[in-house]
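Quick caveat: nothing in here was measured; it's all calculated off a predicted structure.
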Amino acid sequence: MAQDFVEVAIASDLPAGRMKCIAIGGRRLLLANVDGRFCATDDTCTHEDASLSTGVLKGGLVRCPLHGSRFNVCTGEVLEEPAELNLRTYRVRVEGDRVLVAVARHDAA
C-alpha cells in the first residue's frame, strides 16, 4: 500500500519530552518528541479506549491514564499490563521545522 507524508506539526511547537494528539487520515495519533526524535503511534490504548496523549510521557515511554499500561512510543511495544497488544506505529520525518507523518493512500481503481 502506498503512503503519503502529511504535515502534522511544527517541530519547535513540540519540545522534547512533550506529546500531543493529532488527527490524520481519520485516525487519532499520538505524536511525541523523545529527546529530539519524533515518534507517532495510535493514540488509543490497546486495553481500553483511553487517549494516551492525556497520559504521562517519561523518556520514550507513555503511561495510559486509565489503567497504567506502558508503551514505547517509538516502537509501539507494550511494556506493562493490563494491555497486551502493541500499538501501531507510523513513519515520521522532519523537513526543516515541519513534522510529517506517513498515512496510507487509497488510490482510486
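The hydrophobic cluster containing Leu29 also contains Val6, counting ILVMFWY residues as joined when their side-chain heavy atoms lie under 4.5 angstrom apart, directly or transitively. In the hydrophobic clustering of ILVMFWY residues, with side-chain heavy atoms under 4.5 Å counting as a link, Val103 and Val99 come out together. Transitive grouping of hydrophobic side chains (ILVMFWY, heavy atoms separated by less than 4.5 Å) brings Leu57 and Leu30 into a common cluster. Hydrophobic clustering, with ILVMFWY side chains joined whenever heavy atoms are under 4.5 angstrom apart, groups Ile24 together with Phe38. A continuous path of ILVMFWY side-chain contacts below 4.5 Å connects Ile22 to Val94, so both sit in one hydrophobic cluster.
Listed by chain and number, the residues in a side chain to side chain contact (heavy atoms under 4.5 Å, CB included) with Ala16 are Asn33 (sequence neighbours excluded). Taking the salt bridge (charged side-chain N to carboxylate O under 4.0 Å, His left out) definition, one finds that Arg98 meets it with Glu7, Glu95, sequence neighbours left out. Contacts of Arg27 classified as salt bridge (charged side-chain N to carboxylate O under 4.0 Å, His left out), with partners at least two apart in sequence or in another chain: Asp42. With sequence neighbours excluded, the residues that form a side chain to side chain contact (heavy atoms under 4.5 Å, CB included) with Ser51 are Arg28, Asp43, Ser53, Thr54.
Applying the 6.0 Å contact sphere to CG of Asp97 captures more than 12 heavy atoms from other residues, nucleotides or ligands.
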key: Check against side chain to side chain contact (heavy atoms under 4.5 Å, CB included), Leu61 and Asn72   = CA-CA 5 Å; Leu61 306 179; Asn72 181 309; 4.1 Å; yes
All N/O donor-acceptor pairs, side-chain side in residues 76-87, below 3.5 Å, sequence neighbours left out:
residue : atom : partner : partner atom : Å
Glu80   : OE1  : Arg70   : NE           : 2.8
Glu80   : OE2  : Arg63   : NH1          : 3.4
Asn86   : OD1  : Val78   : N            : 2.8

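Closest approach of Tyr90 and Val101 over heavy atoms only: CB-CG1, 3.7 Å. In plain terms, the two heavy atoms of Ala50 and Leu66 that are nearest each other are CB-CB, 3.7 Å.
Within the structure, disulfide (SG to SG under 2.5 Å) contacts touching residues 16-55 (residues at least two apart or in different chains) are Cys39-Cys74.
Using a 4.5 Å heavy-atom cutoff, the side chains of Phe71 and Leu52 are in contact. Using a 4.5 Å cut-off on side-chain heavy atoms (C-beta onward), Met19 and Leu31 make no contact.
Under the 6.0 Å distance and 45° angle rule, Arg93 counts as a cation-pi partner of Phe5.
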